[in-house]
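Here's the structure, in structure tokens; my notes come after.
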Amino acid sequence: ILRRFPHARGMSHSTLALPAPDRGWILYSGGSESARGEDLRALAGKRSDLLVGIPAACVSTFVVDLPPVEADLHESMIRAQVDKRGLSPKGGALVDVERIAGGERGDTFAVRVVRELPSECLLTTAAGYQLSASLRVSGGAKPAATVWREQGRLVLGVAIRSTVVHVQV
């Protein structure tokens with residue numbers, strides 16, 4: 001099933017948990033770092049306003065151009081692209097799809113696939129989840145690229161009109 005992640009820009013969460021540059025997690029509250037630690041559950045406590053950033057290493061991204069067809073066919077065509085790339089999970093993956101362009105020649109979609117969330121990220125009290133790249137890459141009208149360090153690895157994120165279209169670890 002294709003799903004969309006709630007977009008952080010439109011959400012008012014006072015607390016964010018993002019993967020740290022080295023190891024562990026960083027908790028941000030009100031826009032400032034409030035805590036660091038190895039254990040996300042311990043950092044989060046019982047917060048119900050926490051938005052958890054999904055580590056970039058858990059995400060596969062691609063852009064797909066679809067020919068002009070009925071919108072009802074988009075989901076099955078995108079699912080076929082996910083399958084073709086070997087990203088179909090044994091269980092249920094989170095697949096985030098966003099239309100980034102369209103016209104007479106068809107539609108272009110940004111597709112982000114999270115095959116499996118690490119168990120350390122699964123918090124019953126979390127308000128939601130968002131790709132860490134979506135929380136770090138800010139794109140305006142022009143495409144933007146950002147490089148950062150996440151859990152000991154360099155990450156490249158590319159956004160078009162504030163939509164993450166590529167993440168490479």
Side-chain angles (χ1 to χ4, degrees), residues 2-64 82 85-98 100 109-169:
L2 302 179
R3 302 179 192 154
R4 289 182 46 95
F5 294 126
H7 289 279
R9 292 177 207 339
M11 300 172 83
S12 59
H13 291 279
S14 59
T15 309
L16 297 175
L18 291 175
D22 45 9
R23 293 185 336 211
W25 296 83
I26 301 175
L27 210 59
Y28 293 92
S29 187
S32 299
E33 183 177 327
S34 61
R36 274 182 192 249
E38 296 292 322
D39 184 5
L40 178 58
R41 285 187 173 99
L43 277 176
K46 296 189 184 290
R47 288 181 174 85
S48 61
D49 66 338
L50 182 67
L51 183 64
V52 177
I54 299 169
C58 299
V59 181
S60 295
T61 58
F62 62 93
V63 174
V64 62
V82 170
R85 288 167 167 79
L87 300 174
S88 295
K90 293 176 183 154
L94 297 173
V95 180
D96 183 35
V97 177
E98 191 165 346
I100 57 175
F109 293 88
V111 181
R112 283 117 12 207
V113 181
V114 179
R115 293 180 73 183
E116 186 176 346
L117 276 174
S119 60
E120 69 184 34
C121 292
L122 298 174
L123 304 176
T124 57
T125 58
Y129 295 86
Q130 179 62 282
L131 305 179
S132 67
S134 295
L135 299 168
R136 296 182 192 269
V137 178
S138 60
K142 295 181 179 180
T146 304
V147 175
W148 69 93
R149 187 171 295 278
E150 186 175 288
Q151 296 182 333
R153 301 170 79 182
L154 286 176
V155 179
L156 166 69
V158 179
I160 297 175
R161 289 185 298 281
S162 301
T163 298
V164 173
V165 296
H166 180 72
V167 176
Q168 183 173 341
V169 180

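When reading the values below, keep in mind they use all heavy atoms of this one structure, side chains included, and skip hydrogens, waters and symmetry mates.
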Tell me, do Val113 and Arg115 make a side-chain contact under 4.5 Å, heavy atoms counted? yes
Are more than 12 heavy atoms from other residues, nucleotides or ligands located less than 6.0 Å from atom CZ of Arg23? no
Find the distance between OG (Ser29) and CG (Asp49) and round it off to the nearest 0.5 Å. 7.0 Å
Run the numbers on Leu135 and Leu51 for side-chain contact (heavy atoms from CB on, under 4.5 Å), then give the verdict. CA-CA 10 Å; Leu135 299 168; Leu51 183 64; 4.1 Å; yes
What are the two closest non-hydrogen atoms of Ala144 and Val137, and how far apart are they? O-CG1, 4.1 Å
d(Phe62 CZ, Arg112 CZ) to nearest 0.5 Å is 10.5 Å
Rounded to the nearest 0.5 Å, what separation is found between the OG atom of Ser132 and the CD atom of Glu150? 3.5 Å
Test log, rule side-chain contact (heavy atoms from CB on, under 4.5 Å), inputs Leu43 and Leu50: CA-CA 10 Å; Leu43 277 176; Leu50 182 67; over 6 Å; no
Are any side-chain N or O atoms of Thr61 and backbone N or O atoms of Val167, one a donor and one an acceptor, separated by less than 3.5 Å? yes
Which atoms form the tightest heavy-atom contact between Ile54 and Cys58, and what is the distance? CG2-CB, 4.0 Å
Any side-chain heavy-atom pair from Thr163 and Phe109 closer than 4.5 angstrom? no
Hey, could you give me the OG1/CZ distance between Thr125 and Arg47, rounded to the nearest 0.5 Å? 9.5 Å
Taking atom CZ of Arg41 as the centre, report whether more than 12 heavy atoms of other residues, nucleotides or ligands fall under 6.0 Å from it. yes
I'd like to know whether CD of Glu38 has more than 12 heavy-atom contacts from other residues, nucleotides or ligands below 6.0 angstrom. yes
Closest heavy-atom pair, Ala17 versus Leu40, reported as atoms and distance to 0.1 Å, is CB-CD1, 3.6 Å
Distance, nearest 0.5 Å, that separates CG of Leu94 from CG of Leu117: 6.0 Å
Over all heavy atoms of both residues, which pair between Leu18 and Tyr28 is shortest? Give the atoms and the distance, please. CD1-CE1, 3.8 Å
Using the rule given for side-chain contact (heavy atoms from CB on, under 4.5 Å), can you reason through Val111 versus Arg85, listing the C-alpha separation, both sets of side-chain angles and the distance that settles it, and then say yes or no? CA-CA 12 Å; Val111 181; Arg85 288 167 167 79; over 6 Å; no
Arg136 and Pro19, any side-chain heavy atoms less than 4.5 Å apart: yes
From CD (Glu33) to CD1 (Ile26), nearest 0.5 Å: 5.0 Å
